[in-house]
Amino acid sequence: MFSFYIINTMIDRKTLRENYEKIKEGLKKRGYEFDIDSLLEKDKEYRKLLTEINELKAKRNRLTDEIKKLKREGKDIGELIEKSREIGNKIEEIEEDVKNLEKEIENKLLEIPNIPHESVPVGSSSEENVVVREWGERKEFDFEPKSHWELGEKLGILDFKRAGSMSGSRFVIYKGLGALLERALVQFFLDVATKEHGYTEIFPPILVKEESAYGSAHLPKFDEEMYKTLDEKLYLLPTAEMALANLHRNEILREDDLPLYYTAYTPCFRREAGSYGKDVRGIIRQHQFNKVELFKFTKPEESYDELEKMVSDAERILQKLGIPYRVVLLCTGDMGFAAAKTYDIEVWAPGVKRWLEASSVSNCENFQAKRTNTRFRRKDGKLEYVHTLNGSGLATPRTFIALIENYQQKDGSILIPEVLRKYMGGIEKIPAQ
RNA sequence: GGAGGGGUGGCCGAGCGGUCGAAGGCGGCGGCUUGCUAAGCCGUUGUCCCCCGUUGAGGGGGACCGCGGGUUCGAAUCCCGCCCCCUCCGCCA
């Protein structure tokens with residue numbers, strides 16, 4: 001026999017029952033097909049059986065008490081034991097059905113995505129996302145700006161060919177000043193997060209248990225997106241969010257300790273199974289990339305303010321780097337499974353002439369908190385689920401792209417922004433070869 | 001990898017087939033005492049689910065002692081599997 005764990009779900013049954021209309025509408029807004037009604041039917045059946053079991057158990061408990069008493073008095077208890085056994089058998093019978101139903105219901109519930117916040121624009125695809133603001137000048141070049149893969153190869157800082165033969169497509173080797181730049185970006189991101197924005201640095205395991213993947217809501221829906229170890233027991237992080245969401249699993253946090261801010265640098269691994277032929281050139285879409293993640297545990301009433309703050313924390317980094325970007329509010333149809341509201345931050349990459357998502361900042365409300373059973377105690381003693389927020393601050397590849405494409409010079413060299421120089425031994429540019 | 005030990009409430013820690021939701025302590029909350037502080041005394045204090053009632057009124061029942069399963073009329077207590085922690089030995093960056 002193997003053991004399994006019941007994972008709490010965002011839309012637990014009570015929520016489902018009490019917010020039927022709201023949930024139905026939310027799913028519709030997302031364009032998500034789901035048969036709530038049949039699920040509610042099952043839940044009703046489940047509760048009926050539960051009540052029956054409860055009553056039988058109450059009966060048995062009374063009998064047990066009596067047996068206890070009579071036995072002490074040395075009286076005959078044979079008949080009562082027989083009766084109790086009968087009840088036990090009946091309970092077992094019903095319990096079988098209840099268990100099956102429960103598992104069925106729980107599995108279904110795990111497939112329900114988060115309900116969008118009311119401020120999220122309704123739409124079916126990225127077309128309907130809303131640009132909230134734009135920062136920085138999109139620079140005019142007096143020459144034709146090169147793409148990062150041209151620059152990277154010419155300068156000898158990115159090596160696609162050898163990475164390909166070593167690991168396959170969608171892998172890259174950073175070399176020399178390229179490797180240094182990559183490392184500098186990670187350090188810079190972490191320093192801004194910890195020293196300026198008050199996040200506590202975490203360096204988590206890169207492999208996590210299946211249970212944790214359920215907690216962050218990467219399972220069950222995104223199994224095919226993740227790499228896992230051969231025995232299928234451990235998952236490589238597709239994002240540090242998957243680790244951080246589980247940081248306070250099964251804990252009861254103190255109200256005074258909230259909000260908690262965490263940041264973590266980790267490599268991230270994604271199979272990109274559904275994106276054949278998309279972004280195949282360069283480092284826009286890689287199987288492995290580096291990211292500094294921001295994560296918060298907050299009180300429910302503060303999470304939306306904290307969301308705005310997290311977005312501006314991520315923006316601040318790009319401002320310091322002098323990279324033009326825009327902030328996009330995702331519409332209902334373009335949001336991730338666990339998110340109730342998401343902003344993307346897209347950097348301008350003049351070489352590929354595209355906006356590239358360098359950060360995605362989401363409020364998951366209590367969606368992950370329910371799955372990971374992360375709660376806090378109010379001053380009045382009441383327990384409540386926390387809200388969780390995650391965001392990139394930032395992902396390196398696309399920042400790397402925007403950086404070298406924006407800072408390329410006519411002679412083929414790349415200027416290093418002032419703020420990065422101290423992480424790169426003081427050099428001012430990556431010289432042309 | 002081998003050999004042991006252990007996981008109990010917010011925390012520490014007893015219990016090792018019925019009288020245990022679970023002693024005791026700490027912490028929390030309420031009250032008394034108190035010139036202030038410290039202390040003392042008394043009381044209180046878990047979570048989840050279901051049903052009826054309510055919609056910040058309650059009442060009844062059930063479950064929960066790492067997780068899952070088994071034995072039993074009855075399991076925190078016995079048995080099996082899994083997860084996690086600790087100690088010792090071996091191996092190793």
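Letters go in sequence order (proteins before strands), and every chain restarts at 1.
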_Nearest whole Å is fine: how far is B:C11 P from A:R254 CZ?_
13 Å

_If the condition is side chain to side chain contact (heavy atoms under 4.5 Å, CB included), which residues does A:E21 pass it with, not counting sequence neighbours?_
none

*Under the side chain to side chain contact (heavy atoms under 4.5 Å, CB included) test, which residues partner A:A358, sequence neighbours left out?*
A:V347, A:R398, A:T399

*Starting at atom CG of A:N246, determine the distance to atom C1' of B:C83, rounded to an integer number of angstrom.*
15 Å

*Whole Å only: how far is the CD1 atom of A:I91 from the C1' atom of B:G74?*
11 Å

*Separation of atom CD1 in A:I67 from atom P in B:U72, rounded to whole Å*: 14 Å

*Can you list every pair that meets ring-ring contact (aromatic ring centres under 6.0 Å, His included) and has a residue in residues 90-122 of chain A, with sequence neighbours left out?*
A:H117-A:Y304

*asked:* For a quick test of reading the model: is some side-chain N or O of A:R60 closer than 4.0 Å to OP1 or OP2 of B:C73?
replied: no

_How many whole angstroms separate atom NZ of A:K57 from atom P of B:C64?_
7 Å

*asked:* What's the gap between B:G21 and B:A63 when it is taken at their P atoms, as a whole Å value?
replied: 10 Å

*Think A:N250 has a side-chain N or O under 4.0 angstrom from the OP1 or OP2 of B:G66?*
no

Quick one: side chains of residues 168-182 of chain A, donor-acceptor pairs under 3.5 Å with protein atoms, not counting sequence neighbours, listed by atom name and distance.
| residue | atom | partner | partner atom | Å |
| --- | --- | --- | --- | --- |
| A:R170 | NH1 | A:K278 | O | 3.2 |
| A:R170 | NH1 | A:D279 | O | 3.3 |
| A:R170 | NH1 | A:R285 | O | 3.3 |
| A:R170 | NH2 | A:S275 | O | 2.7 |
| A:R170 | NH2 | A:K278 | O | 3.0 |
| A:E182 | OE2 | A:N290 | ND2 | 2.8 |
| A:E182 | OE2 | A:T396 | OG1 | 2.5 |

*asked:* Among residues at least two apart in sequence or on other chains, which ones pass side chain to side chain contact (heavy atoms under 4.5 Å, CB included) with A:A349?
replied: A:V352, A:L356, A:I401, A:E405

*Using the closest heavy atom to pick a nucleotide of RNA chain B for each, name whichever of A:I53 or A:K68 lands nearer the 5' end.*
A:K68

*Write down the distance between CG (A:L49) and P (B:A63), rounded to a whole number of angstrom.*
17 Å

*Report yes or no: is the cationic atom of A:K228 (NZ for Lys, CZ for Arg) under 6.0 Å from the centre of the six-membered ring of A:Y235, at an angle within 45° of the ring normal?*
no

Anything under 3.5 Å between a donor and an acceptor, one on a side chain of residues 238-248 of chain A, the other on a protein residue two or more places apart or in another chain? List them.
| residue | atom | partner | partner atom | Å |
| --- | --- | --- | --- | --- |
| A:T239 | OG1 | A:E241 | N | 3.0 |
| A:T239 | OG1 | A:K291 | NZ | 2.8 |
| A:E241 | OE2 | A:Q368 | NE2 | 2.7 |
| A:E241 | OE2 | A:N390 | ND2 | 3.3 |
| A:N246 | OD1 | A:R249 | NH1 | 2.4 |
| A:N246 | ND2 | A:S212 | O | 2.9 |
| A:N246 | ND2 | A:M242 | O | 2.7 |
| A:H248 | ND1 | A:E251 | OE1 | 3.0 |
| A:H248 | ND1 | A:E251 | OE2 | 3.4 |
| A:H248 | NE2 | A:Y262 | OH | 2.8 |

*Does anything in residues 82-95 of chain A pair up under salt bridge (Lys or Arg N to Asp or Glu O under 4.0 Å), and if so which pairs, sequence neighbours excluded?*
A:K57-A:E95

*Please map the stems of RNA chain B, keeping only stretches of three or more Watson-Crick or G-U wobble pairs with both distances under 3.5 angstrom.*
B:1-7 with B:83-89, B:10-12 with B:24-26, B:27-32 with B:40-45, B:46-52 with B:58-64, B:66-70 with B:78-82

_For B:G61 and A:N61 - does any side-chain N or O of the residue sit under 4.0 Å from the phosphate oxygens OP1/OP2?_
no

When you compare the protein's N or O atoms with those of nucleotides 55-58 of chain B, which come within less than 3.5 Å of each other, and at what distance?
none

_In this structure, how many angstroms lie between the P atom of B:C51 and the CD atom of A:E55, rounded?_
11 Å

*In whole Å, what separates the P atom of B:C41 from that of B:A57?*
38 Å

*For the rings on A:F367 and A:F337, is their centre-to-centre separation under 6.0 Å?*
yes

_Restricting to non-hydrogen atoms, name the atom on A:V120 and the atom on A:A340 that form the minimum distance, rounded to 0.1 Å._
CG2-O, 3.3 Å

Give the table of side-chain donor-acceptor pairs shorter than 3.5 Å for residues 199-206 of chain A, with sequence neighbours excluded, one pair per line with atom names and distance.
| residue | atom | partner | partner atom | Å |
| --- | --- | --- | --- | --- |
| A:Y199 | OH | A:D313 | OD2 | 2.7 |

*Can you sort out the partners of A:D35 under side chain to side chain contact (heavy atoms under 4.5 Å, CB included), two or more places apart, ordered by chain and number?*
A:D37, A:S38

*For A:Y214 and B:C83, give me the distance from atom OH to atom C1', rounded to whole Å.*
17 Å

*In whole angstrom, give me the gap between the P atoms of B:G66 and B:A76.*
10 Å

Between protein and nucleotides 45-50 of chain B, what N or O pairs are separated by less than 3.5 Å?
| residue | atom | partner | partner atom | Å |
| --- | --- | --- | --- | --- |
| B:C50 | OP1 | A:R17 | NH1 | 3.4 |
| B:C50 | OP1 | A:R17 | NH2 | 2.7 |
| B:C50 | O2' | A:T51 | OG1 | 2.8 |

*Expressed as a whole number of Å, how far does the P atom of B:G17 sit from that of B:G40?*
37 Å

*B:C78 versus B:C65 - spacing of their P atoms, nearest Å*: 14 Å

